[in-house]
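Structure record follows, encoded as structure tokens.
The model shown is predicted, which means the values in this text are computed figures rather than measured ones. Order of the sequence lines sets the chain letters (A, B, ...), proteins ahead of strands, with each chain counted from 1.
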Amino acid sequence: VRHTTEFKGYRKISNGQFALDFLCCGEHEHPHTVGSEVMTDPAKLAASIEWAHAQAKLDHDAAQQLEARLAALIGNKVEHH
Amino acid sequence: MSNPLPLRWQRGPLVDSKGMPTTEFARWLRELEQKTGPALNVNGQVQNTAKISGRTEQIGTTVGGLAATGDIKATTKVVGRVEGLGTTTANLDATGKLVNTDAIAADGTGSPLTGGKRGAIALDANNRLSGSFRANAVNLAAVPTSSTTLSNDGVSTAIPIGAFTAQYGDGTVSYNSGSVDPGVFGGPFYIYADDPTFAGGAVTYQFSSTIQNQAAGNGRVLVGSITTVNGVAKTGGGFSGGTGGSRGGRGFIQ
């Protein structure tokens, strides 16, 4: 299934950490927090953001699959004697 | 002009020898017209321009605040106020009581009864908190319902946090998934989020390698800890602590 993830923004939180907000398909949020080790190293930051994109996609995919499994069960009937 | 008009004309004829009104009778008619003309219309109804003795405004103004039934209109104002009586009395019930404690005006620092209402909701009959969700103390017990919530693949330093549910005395609270990235392997990394109102849902996860930081904020939800190793996949958090960490919860510090 195709997904589109987007890095929506960031804000500074405590301990030198930054909260990064990702959104998959415009609806599924994925918060990703990075520490000072990541923020001070451009290569680590780029890798972390790339990883978060992929994780946001995985999360959304998993959530959709769960809902699909439930949706598939709607309408099931069981006959009792 | 006297009131009532003197009836001197009754002492003599109404008209003279030519059939004209006598002077006395004509004066009486003139004075009667002067009195009733401004006050009554041709149908004998009081004109709205008439004035009540001792008042300066016309009677149409005087009774303008009354409805056809004699009731006071909602738009009628009390002297010195700008709002209508309907607004003034909107927060009173039929017995004259306030319909809501929030209808008491603020005293400059907020409405005291609003605070009282909050207190009444939060306390039970024994003046104790009505439930554990009313407390934001850090040592409020909760246990995750999943065996693990944290993981690391041994390749990236990032730590995914699976969506999880925490069991409290008042019920369960579910939190969305997320992730943190310390940027290095090692740990243990203690992962937590602040949720003082037990709202659940989307939260901002934080991490620390200092164990005390798990208790450094009221309303802190502990996801657990995980120690990551380059090249080795690990799990943590949840109610088991997984293969590389400790359990999560609340007031459940390992």
(Q) Run B:F189 and B:V180 through side chain to side chain contact (heavy atoms under 4.5 Å, CB included) and show every step you take. (A) CA-CA 10 Å; B:F189 297 112; B:V180 298; over 6 Å; no

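- Atom CG of B:L92 sits in a crowded spot, with more than 12 heavy atoms from other residues, nucleotides or ligands closer than 6.0 Å.
- The two residues B:F207 and A:G35 make their nearest non-hydrogen contact at CZ-CA, 3.5 Å.
- Among all heavy-atom pairs drawn from A:C24 and A:A56, the shortest one is CB-O, 3.9 Å.
- At a threshold of 4.5 Å between non-hydrogen side-chain atoms, the residues B:I161 and B:L150 count as touching.
- B:P160 touches chain A through backbone and side chain together, each having a heavy atom under 4.5 Å away.
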Using only distance (under 3.5 Å, no hydrogens or angles), which donor-acceptor pairs connect chain B and chain A?
| unit_1 | atom_1 | unit_2 | atom_2 | d |
| --- | --- | --- | --- | --- |
| A:R11 | NH2 | B:T204 | OG1 | 2.3 |
| A:S14 | OG | B:Q206 | OE1 | 2.4 |
| A:Q17 | OE1 | B:F207 | N | 3.4 |
| A:Q17 | NE2 | B:F207 | O | 2.5 |
| A:H30 | NE2 | B:S179 | OG | 2.7 |
| A:P31 | O | B:S179 | N | 2.9 |
| A:H32 | ND1 | B:S179 | OG | 2.6 |
| A:T33 | N | B:S179 | O | 2.8 |
| A:T33 | O | B:D181 | N | 2.6 |
| A:T33 | OG1 | B:Y205 | O | 2.4 |
| A:G35 | N | B:D181 | O | 3.1 |
| A:K44 | NZ | B:G183 | O | 2.8 |
| A:S48 | OG | B:D181 | OD2 | 2.5 |
| A:D59 | OD2 | B:S177 | OG | 2.8 |

